[in-house]
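Written out below as structure tokens is the structure these notes cover.
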Amino acid sequence: MLLETSKKAAFTGSVCILSTLEVHQRLKGYRYCTCCRRRRRRSTICCVPAFSPGSFGNSCCAGSSSLTWHPNQSWSVCSCGGSKPETPSTRIPDKGENMVSMEAAVVTGILKVVGNKLAPLVIKEYRSVVGVKKDLQELQNLAMEINSWLEAQGDRAEGNWLKKLKDVTYDVDDVLDEFQLEAEKKYANADGGAMSRFRTKPKSFLLQCTAAWKIKDIKKRFAEIVNQRADINAIKNNIPDAHPARHTTVELLPLPNVDASSVIGRDREKHQIISKLVESKHQQKIKIVSIIGLGGSGKTTLAKLVFNDGNIIAKDFEVRLWVHVSQEFAVQKLVEKLFEAFAENKSDHHPLPHMSKRISEKLSEKRFLLVLDDVWTEDRIQWEELMAFLNGIAPGPGSTILLTTRSREVAVTVGSTDHFDLPLLSPNDSWQLFQQSIIMPATGWNFQFEEVGNQIVKKCGGLPLAIKVLACALTGKERIEEWTAMRDNSLLDAVGEENRLFACLKLSYFHLPSHLKPCFTICSLFPKGYMIDKERLIDQWIAHDMIGVEDGVDYFEYTAHKYFNSLVQRSFLQDVDENSYGRVKCRMHDLVHDLAQSILGDKISLVVPKEASSSTRSYRYFSLTKQTIHLLPKSLFQKARALYADKCEVDCKIFGMALKNARHLRSVTMDYVDKELVQAVILQVKNLKYLEISRQYGEEALPEAISDIWSLQALHLTYSDLLELPKSIGKLQKLRTLNLSHCEKLKCLPDSIVDCQMISSIDLCNCKQLTVLPSSIGRNKMLRVLRLGNTKMERLPSSITSLRNLECLDLHECRELVELPKDIGNLEKLHVLNLTKCEKLGGVPVGIGQLSWLQKLGLFALEEGEKFAGISELANLPRIGGELSIRGIYHGLDPEDAYAACLKQMTNLQGLDLRWRMKDEGEVNTEMEQAVLDGLEPPPGIKKLMISGYSGRQYASWMQNRVDGGVNGLPFFPFLRVMTLFKLPNLKHLHGLAELPCLEELVLRAMPCLETISGGPFPLLVKLLMCELPRLEEVWMVAERIMPDEKEGGGCSNSTPHVGQLRVGSCLSNLDIVKCPRLKVKPYLPSSLHKLLLAGRTEQLLQSSNFSQLKKLVVWGNGGLGSGRGWELLQPMTALELLEIQHSSDLIELPESLGNLKSLRSLQVFACSAIRMLPMSLGDLQSLQELTITICHCFVSFPQSIGRLTSLQVLKILLCDALQQLPECLGDLRSLRKLYLSGLPRLTCIPQFICHLTSLKELKIGRCPGIKSLPEGLKGLTTLQELDIRGCPDLARHCERGKGEGWHLISHIPRLRIGTGEA
């Protein structure tokens, strides 16, 4: 009897197989309920939900009842009425169910897309054609019901059945896709509705009948698959209703790259790595330090902490660069990324030599820190190629590479000098990170939640990414059963940290709401490390019907923004960054990317197969990078939904033939592809909804055929040479997004753009030749976003004010813009009106205060006249955030208006620039100006403040220390980081500046009457600039609140600050003093000071200060040193590493005391027209690595001691008219790697000694017309890698390739640039 019962329990996954313990208990006359684990007598059987073999389920604990078995239903039914299974969050799936869980999760995502496609079909007019209305409605109901059941019971489903369901669901999607497109096409083209078209065109009617037959057939197949597992009514009756699936989306602001305060448990590792990076400042060879750790262990986060360190790293390294490497390791690609890391523009179409030269100019002789994030290569040859490139640019001593990798083999391959094995987080740090990452309910947690939470965290094994994704997955789950289910999920029992992390990611994906799953998986279309543009991603989601309709929401984009923020909040998307004009980008962690691609499985292809097979015909997504495609099956794109192609070389004819069958292709993204491929896509794919073409140069016009893609919703054509759009563009009736940013030759839009009635977003940023918009742009009533930043627009068409749905009008850096339309206040939905750097804008029009939803403005320009708004209108714009510049305040000199502006209430404001006037406007009312300034008090959360052109005699009362202090005794401006005071002509005393605990930079400039400064403390002040303060005599610059006690004849007191005391703290490292002739700093310059810039007369300062800790000194003019004994002050600067002397016209020679600067690494003399030679003590500078003499017209010779500079690596002699010859002793510079000679008209030859420069790698000769040949010994310089000759006609002929007499001397040099033009 027992054996028969066990067999029945195992039958077809109907009831769970009994455990050994339960069998043992049955022999004693008991059985266990799998829910409560209480024993029952043999006569009492609880109902058991249907699970796959090997699983244990939950059951009701009903009273005595007999079990009724239904072999065709999803579960057994107990006569007690306890047939309804509990939600999946309260049960523990077995290991054998993990794949089932993932399959169920995938199916729910597909079904959600199917539901999104069905929703509009069942309510539109054409649904009634040929009896399809009923079928569509039934199919929609069926999809919704099975989707809800899967969300509740997904991992209980039987595996084979679930696979069949997935296959047929894909087929349903295919059929619906065809029907949807055909129906919408007919409906869009119909004059009298869909029925009139079908009645008048038999062919169309036949096609529609065929589609209807397919709908009926697929509905039947779908129902059959469902009924194999359960009767539909059973599903309806057993969908849990007590706890429906949560579809919560969490709004999230854009995140910074790294928030140091949110990083837990890495302080020790950070300091250890920093100490290793800076310990070898004089090491010539590039040092390599590796951080080794598991994926998701926090390697990149730790590297960012180090990279962004402002106390040590920012001061110690002259240049810092960050490059994300990932699995693609190619030297040329890394050179491009290096170029992009410091260049403002992309590497688009820049030749490799150009990029190499720019990188060399940036990094040569500079101590740099290069972070290579996520390195995989173990190829020694590839790494040596990269190091050869980096060493070839002559990096400064102490240059270092910080590398993150998962593999110790990588660290060994690259020759790391130091390895840091990143430890996993401790239990305490893990729990702290979990608490930080989860959003707690308002009621808080009880002890039980903390206990289960700790158990979940323990299973994460100290992996930060695993902890964060699980914490995010638990956010919003307020039932303890949901937490225990997460804890008990067997996925978390995976062996090994990497497997455990991937299991955590899978579990987090499984708990994603079904509407987010397809949005997540399609992100794997982009390569690893790719910066994903948020708006373009959303356009793709919409194109693929991944965004459902929400009640009360007019635009898909609103819903999509919430989806995006939810994925960020769950850590599926990260590194969110927003640029200056509001475009947001993000990327996926590599492991998360792996997860997304694994979910798509055999539906995504990363390569193009050459032959057709059953698997190739099932591909729906193609992600092709650097592919060479000359042969491919015609049926390859038959099921394709999305295509991404980057730097692919294809046979466009063959590719075009394959695209003819791409009936389901909805999105195409192409980067760096030939125009022939673009034309093939446009000509062959007529059902596209999303088309993105980037960096396609040389093509000035799109084919007219673009207008035949009737279904196109989003067109992104960026970084192009496009001159104009086709006039037929207005045919694109479904176009929602038009992005032409960075099409720098585009001058206008065609008038037909107004016929695109669905268009909601137009981006023309950086179309630098654009001057006008169509005057009828106001007819685009659906337009919500209009970006015109950095264009040549002078005026906007008046019709723009009729765009009542407009939310964003971006005009940043429209430097030619002179006025705004007078009725701008009509744009009541406007959230963004970005006027930043609109320098010619006269004033903003009256009525701007009606834009009560405005969140970003950038500039509020005041002007006299009735048509211009007064400053008081700002009171109606309390939501304004970011940075705001108020210009022309003197036009509205009314204290009441200033107070009425209520700037203090703008709590979102981050930066405020108050500008009165930039030039002398005649007589001013100083008292009135002071009252106005008092009325313009910023909000307490301000981070950046600038005041310029203010003519009052006293500074603002709100920036002075007050007896009562701020709120609750706190500082009034606790977050202010940068404060600039510029052109304040009447201000005499800057007394009692308020305590500013976060101030990092203070600029005091052009204040001719200023006599005293006091205030603080400023404990975090790093940079102080005092410029053009001719009457400022004495500043007590102290780290603490101390002062000399005059009554006691000295000493210090902690009672009251000295009248001139400026409490700068202990972080001040940069001090610029320009044209402050009377200034004395007492009691001495801060010991933390590393860099000092002196310009103009500063004798008093130099005589009163200690410079022993100084590392960088820049002297502009004579800097108070003159040409005599003032230079003796250099003698105690023993720590000085850089000395720059600029524009000292009366400097004849440098003092012999220069030789005492034993630590000096760089000496630069610039525009010192009277200097004739350098001192003999120059040879004592044994640490000197770079010597530059530029625009010194009287300079004639070097001392013989220059030959003793054994560390010198770079010598630059530029624009020195009087120099006639180079001394022979230069041949002793055996460490010299770069020699630049330019603008030396009297120099007639390159001496033979150059053959002794055995380390020379780069020689540049420019504008030296007297040099006619090169020395014979040059051919022996095997180390020479680059020779550049410009502006030397005779020498260029001498070195002409293959012809010149001296060609044999230079033919061995790898990089040659020889021309007769100017250097």
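Heads up: numbering here begins at 1 and tracks the sequence.
- Proximity of a side-chain donor or acceptor of Arg587 to a complementary backbone N or O of Gly529 within less than 3.5 Å is detected.
- Within the 4.5 Å cutoff, side-chain heavy atoms of Arg536 are placed close to those of Asn739.
- Proximity of Leu820 to Leu835: side-chain heavy atoms (C-beta onward) are separated by under 4.5 Å at one or more points.
- A pairwise comparison of heavy atoms in Leu643 and Leu624 identifies CD1-CD1, 4.0 Å as the closest pair.
- Expressed to the nearest 0.5 Å, how far CG of Asp810 lies from CZ of Arg787 amounts to 6.5 Å.
- Listed for the Gln597 side chain is a donor-acceptor partner under 3.5 Å among the backbone atoms of Ser524.
- In this structure, His544 contributes its side chain and Cys519 its backbone to no donor-acceptor pair below 3.5 Å.
- Between Ile709 and Val685, the closest side-chain pair of non-hydrogen atoms is not below 4.5 Å.
- At least one side-chain heavy atom of Leu636 sits less than 4.5 Å from a side-chain heavy atom of Phe622.
- Between Leu788 and Leu796, some side-chain heavy-atom pair lies under the 4.5 Å cut-off.
- Gln627 and Leu606 make their closest contact through NE2-O, 3.6 Å (heavy atoms, listed as atom of the first residue, atom of the second, distance).
- Side-chain N/O atoms of Ser761 and Thr737 include no donor and acceptor closer than 3.5 Å.
- The number of heavy atoms from other shown groups lying within 6.0 Å of CE (Met531) is above 12.
- Between Leu817 and Arg815 the shortest side-chain heavy-atom distance does not fall below 4.5 Å.
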Show your reasoning for whether salt bridge (Lys or Arg N to Asp or Glu O under 4.0 Å) applies to Arg666 and Asp545. CA-CA 10 Å; Arg666 296 296 174 261; Asp545 296 293; over 6 Å; no

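- When all heavy atoms are compared, the tightest approach of Lys747 to Leu770 is O-CD1, 3.2 Å.
- A salt bridge is absent between Lys528 and Asp590; no separation between the charged side-chain nitrogens and carboxylate oxygens falls under 4.0 Å.
- Salt bridge present: Lys840 and Glu816 bring a charged side-chain N and a carboxylate O closer than 4.0 Å.
- Electrostatic pairing of Lys304 and Asp373 does not count as a salt bridge here, judged by no charged N lying under 4.0 Å from a carboxylate O.
- Between Leu735 and Ala714 the shortest heavy-atom distance is CD1-N, 4.0 Å.
- Remark: the backbone N or O of Glu649 is not paired with any side-chain donor or acceptor of Thr628 at under 3.5 angstrom.
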Residues 771-782 side chain polar contacts: donor-acceptor under 3.5 Å, at least two apart:
residue	atom	partner	partner atom	Å
Asn780	ND2	Ile753	O	3.3
Asn780	ND2	Cys756	O	3.1
Lys781	NZ	Gly778	O	3.3

Can you check ring pair (Phe, Tyr, Trp, His ring centres under 6.0 Å) on Tyr563 and Phe556, steps first, answer last? CA-CA 11 Å; Tyr563 286 14; Phe556 285 124; over 10 Å; no

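- Between Tyr672 and Tyr719, the distance separating the two ring centers is not shorter than 6.0 angstrom.
- The main-chain N or O of Ile682 is found under 3.5 Å from a side-chain atom of Lys686 such that the two form a donor-acceptor pair.
- Tested against Glu535, the residues Arg583, Arg784, Arg736 include a single salt bridge (Lys or Arg N to Asp or Glu O under 4.0 Å) partner, Arg583.
- How far CD1 of Ile729 is from CG of Asp751: 13.5 Å, rounded to the nearest 0.5 Å.
- Of the inter-residue distances, the one linking Cys808 atom SG with Leu827 atom CG reads 11.5 Å to the nearest 0.5 angstrom.
- When atom types are taken as modelled, the side chain of Gln733 and the backbone of Gly730 share a donor-acceptor pair closer than 3.5 angstrom.
- With hydrogens and angles ignored, the 3.5 Å screen pairs no side-chain donor or acceptor of Ser605 with any backbone N or O of Tyr619.
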Test side chain to side chain contact (heavy atoms under 4.5 Å, CB included) applied to Asp539 and Gln713, step by step: CA-CA 8 Å; Asp539 284 340; Gln713 296 178 358; over 6 Å; no

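- Nearest heavy atom pair, residue Gly789 against residue Cys814, reads CA-SG, 4.2 Å.
- In this structure His716 satisfies the ring pair (Phe, Tyr, Trp, His ring centres under 6.0 Å) test together with Tyr690, sequence neighbours excluded.
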Could you walk me through whether Thr625 and Tyr644 pass side chain to side chain contact (heavy atoms under 4.5 Å, CB included), step by step? CA-CA 8 Å; Thr625 302; Tyr644 172 89; 3.9 Å; yes

Which is it for Leu725 and Leu738 under the side chain to side chain contact (heavy atoms under 4.5 Å, CB included) test, yes or no, and what are the steps along the way? CA-CA 11 Å; Leu725 287 175; Leu738 177 63; 4.0 Å; yes

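- We find the CD1-CD1 distance between Ile538 and Ile547 to be 7.5 Å, quoted to the nearest 0.5 Å.
- Looking only at atom types and distance, the side chain of Lys856 has no donor-acceptor partner in the side chain of Asn834 under 3.5 Å away.
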With side chain to side chain contact (heavy atoms under 4.5 Å, CB included) as the test, would you mind laying out the steps for Leu749 and Leu764 before giving the verdict? CA-CA 10 Å; Leu749 290 179; Leu764 300 170; 3.9 Å; yes

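- Within 6.0 Å of NZ on Lys727 lie no more than 12 heavy atoms contributed by other residues, nucleotides or ligands.
- Not a single donor-acceptor pair under 3.5 Å links the side chain of Ser360 to the backbone N or O of Ser356.
- The shortest side-chain heavy-atom distance between Ile800 and Leu786 falls under the 4.5 Å cut-off.
- The line from CG of Leu390 to CD1 of Ile359 is 8.5 Å long, rounded to the nearest 0.5 Å.
- With sequence neighbours excluded, the residues forming a salt bridge (Lys or Arg N to Asp or Glu O under 4.0 Å) with Asp671 are Arg695, listed by chain and number.
- Checked by atom type and distance alone, the side chain of Ser760 never pairs as donor or acceptor with a backbone atom of Leu783 at under 3.5 Å.
- Here SG of Cys586 is found 9.0 Å from CG of Leu567. Values are rounded to the nearest 0.5 Å.
- Tyr621 has its side chain within reach of Arg641: a pair of non-hydrogen atoms, C-beta onward, lies under 4.5 Å apart.
- A pairwise comparison of heavy atoms in Pro726 and Ser752 identifies O-OG, 4.4 Å as the closest pair.
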